[in-house]
Amino acid sequence: MACMVDQNYRSKARKPDDFDAFWGDVMDQVARVELNPEVEPDRLRSDDEVEVFQVFYDSIDHVRVAAWYCLPRERQGPLPAILIGPGYLGDPAIPKGWAQRGYAALCVAPRGKLRSNLQFNPGYPGLLTCGIVDRNVYSYRGFYVDTWRGVDFLLSRAEVAPGRIGVRGSSQGGGLTLCTAAMRGEVRAAAAGAPYLTGFMDSIELTGTYPYQEINDYLRLHPSSRQRVERTLNYFDCINFADRITCPVIVNIGLQDNICPPETGYALFREIASEEKRLYVYDGHGHDAGGHEHGAIEGGFFARHLGLEAPDA
């Protein structure tokens, strides 16, 4: 029996009048920070098929950010590239699977993640509410930018084809995928699974699970801060970034997802400006949002849009 979800759910997210000005100023600030990329071969984790590198670069506020970078050993000419955003709790994975398919693959560890937590480490739980009453110091201001800077790293690499960059991720990585596609015009294709960071104020009412419950915990202790919290989150809600996404994009949600409510996925998808977009809905699935079945769809999507031959069906 199909799960009853309101496909026409209207989000509480409201885009501030100065949304573009705020993020334009942030981008101006980070443009003044030299990337200072550092690439270190990781022989322990490399193998006959894939070279693995530990990567470091500078982001906004001069925070040093880490990432895993993988390349196929056999390559001819510039490669298409995949930028990957991590989930909320887990640390970034080494993206060897994407390199085996023929991509230059970068999995970013934004501030607070393992190897990027010397200068900023609010912990988990903690990241979602750190600085939440002030958009200028809110944790996700830097967290978003750290991910976007991954595009700059890829563009700095001679082995990467600059017109063939895609971005993907699930849960928090899905949210990072969406805001990256919105803010970085170099992105040519985006795949967001079970997008977190979407409909913050909706989600704290639609689900009783963490991480979103961190916001309810905060509001119970600081009830007078609700308006300031809501105002801050409107600058970071992926629903408010959606009208800036113009590249081909796919989104997948699970109708039984009790972490990222499917209602917010529907609300987000309606706002995406791209003329080439598709929503994949999986009944019987929770936060995995389609699992292995959708992985094959995503692989074909990137193969088509980034110039690799699509894998056999």
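Keep in mind the model is a prediction, meaning the values are calculated, not measured.
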Name the one of Y140, W23, F153 that satisfies ring pair (Phe, Tyr, Trp, His ring centres under 6.0 Å) with W148?
W23
Measure from NZ or CZ of K113 to the centre of the six-membered ring of F143 and say whether it is under 6.0 Å with the direction within 45° of the ring axis.
no
For the residue pair F19 and Y235, does the interplanar ring angle fall in the parallel (under 30°), tilted (30 to 60°) or perpendicular (over 60°) class?
parallel
If you define the side chain from C-beta out and look only at heavy atoms, does anything of P211 sit under 4.5 Å from Y196?
yes
Verify, without hydrogens or angle tests, whether R270 (side chain) and Y9 (backbone) share a donor-acceptor contact under 3.5 angstrom.
yes
Nearest 0.5 Å please: distance from the CG atom of D237 over to the CG atom of D202.
7.5 Å
Residues R168, E298: salt bridge by 4.0 Å N-O rule
yes
Tell me whether S11 contacts the main-chain N or O of G199 through its side chain, where contact means a donor paired with an acceptor under 3.5 Å.
no
For residues D6 and N8, report the shortest heavy-atom separation together with the two atoms involved.
OD1-N, 2.9 Å
Derivation and outcome, side-chain contact (heavy atoms from CB on, under 4.5 Å), residues V33 and R149:
CA-CA 10 Å; V33 178; R149 287 288 265 183; 3.9 Å; yes
Is any NZ, NE, NH1 or NH2 atom of the basic residue among D91 and R115 found under 4.0 Å from an Asp or Glu carboxylate oxygen of the other?
no
Do I204 and Y124 share a hydrophobic cluster (ILVMFWY, side-chain heavy atoms under 4.5 Å, transitive)?
yes
Taking the side chain as every heavy atom from C-beta outward, state whether F200 and V229 have any atom pair closer than 4.5 Å.
no
With rounding to the nearest 0.5 angstrom, report the OH to CZ distance, Y280 to F269.
9.5 Å
Carboxylate-amine/guanidinium contact K15 E271, below 4.0 Å
no
Side chains of N258 and T209 only: does a donor on one sit below 3.5 Å from an acceptor on the other?
no
So, R304 side chain and G300 main chain: donor-acceptor pair closer than 3.5 Å or not?
yes
Honestly curious: do V187 and L106 fall in one hydrophobic cluster under the side-chain, below-4.5 Å linking rule?
yes
Determine, stepwise, if the pair L154 / E186 fulfils side-chain contact (heavy atoms from CB on, under 4.5 Å).
CA-CA 10 Å; L154 290 171; E186 301 92 343; over 6 Å; no
Identify whether V30 and L176 are in the same connected component of the hydrophobic contact network (ILVMFWY, side-chain heavy atoms under 4.5 Å).
yes
Rounded to the nearest 0.5 Å, how far does CG of L233 lie from CZ of R228?
12.5 Å
Donor-acceptor contact present, side-chain S171 to main-chain G87, <3.5 Å
no
Output yes when a side-chain donor or acceptor of S274 lies under 3.5 Å from a complementary backbone atom of I245, and no otherwise.
no
Establish, from distance only, whether the side-chain atoms of Y57 and D152 form a donor-acceptor pair under 3.5 Å.
no
Note: C70 and A99 closest approach over all heavy atoms is CB-CB, 3.7 Å
Should we count CZ of R278 as having more than 12 external heavy atoms under 6.0 Å?
no
Quick check against the 3.5 Å criterion: does R164 have a side-chain atom that pairs as donor or acceptor with the backbone of L306?
yes
Min side-chain heavy-atom separation W98-Y103 under 4.5 Å:
yes
Is the shortest heavy-atom distance from the side chain of I250 to the side chain of H294 under 4.5 Å?
yes
Any donor and acceptor pair, going by atom type alone, linking the side chain of N36 with main-chain N or O of D58 inside 3.5 Å?
no
Derivation of the side-chain contact (heavy atoms from CB on, under 4.5 Å) call for W68 and V52:
CA-CA 7 Å; W68 291 110; V52 178; 4.0 Å; yes
Can you check whether T129's main-chain N or O pairs, donor with acceptor, with Y138's side chain at less than 3.5 Å?
no
Can you confirm whether P41 sits close enough to E51 that some side-chain heavy atom of one is under 4.5 Å from a side-chain heavy atom of the other?
no
Main-chain N/O of G126 paired to E214 side chain as donor or acceptor, under 3.5 Å:
yes
Is there a path from I165 to V65 through hydrophobic residues (I, L, V, M, F, W, Y) whose side chains come within less than 4.5 Å of each other?
yes
Below 4.5 Å, heavy atoms only, C-beta onward: do S46 and R73 meet side chain to side chain?
yes
Can you tell me how far apart OG (S59) and OH (Y144) are? Round to the nearest 0.5 Å.
14.0 Å
Taking C-beta and beyond as the side chain, do F53 and D42 meet within less than 4.5 Å on heavy atoms?
no
Heavy-atom nearest pair, L268 first then P195, reads CD2-CG, 3.9 Å
To the nearest 0.5 angstrom, please state how far the CD atom of Q54 sits from the CD1 atom of I94.
8.0 Å
Could you walk me through whether M201 and R14 pass the side-chain contact (heavy atoms from CB on, under 4.5 Å) check?
CA-CA 10 Å; M201 299 306 291; R14 297 293 179 266; over 6 Å; no
Applying side-chain contact (heavy atoms from CB on, under 4.5 Å), name anything that partners H285, two or more places apart in sequence or on another chain.
Y282, D288
For D28, I'd like to know if atom CG has over 12 heavy atoms of other residues, nucleotides or ligands within 6.0 Å.
yes
Check whether L114 and V63 end up in the same hydrophobic cluster, where Ile, Leu, Val, Met, Phe, Trp and Tyr are linked by side-chain heavy atoms less than 4.5 Å apart.
no
Is there a donor-acceptor pair under 3.5 Å between the side chain of Q29 and the backbone N or O of I60?
no
H287 and C260: which non-hydrogen atoms are nearest, and at how many Å?
CE1-SG, 3.4 Å
Closest non-hydrogen atoms of D61 and R141, given as atom of the first, atom of the second and distance, are OD2-NH1, 2.9 Å
Do Y88 and L128 have side-chain heavy atoms sitting under 4.5 Å apart?
yes
Shortest non-hydrogen contact between Q119 and R64, atoms and distance:
OE1-N, 2.8 Å
Just do the salt bridge (charged side-chain N to carboxylate O under 4.0 Å, His left out) check on K12 and E230 with the steps written out, would you?
CA-CA 9 Å; K12 293 180 173 63; E230 186 167 353; over 6 Å; no
Roughly how far apart are I272 CD1 and K277 NZ, rounded to 0.5 Å?
6.0 Å
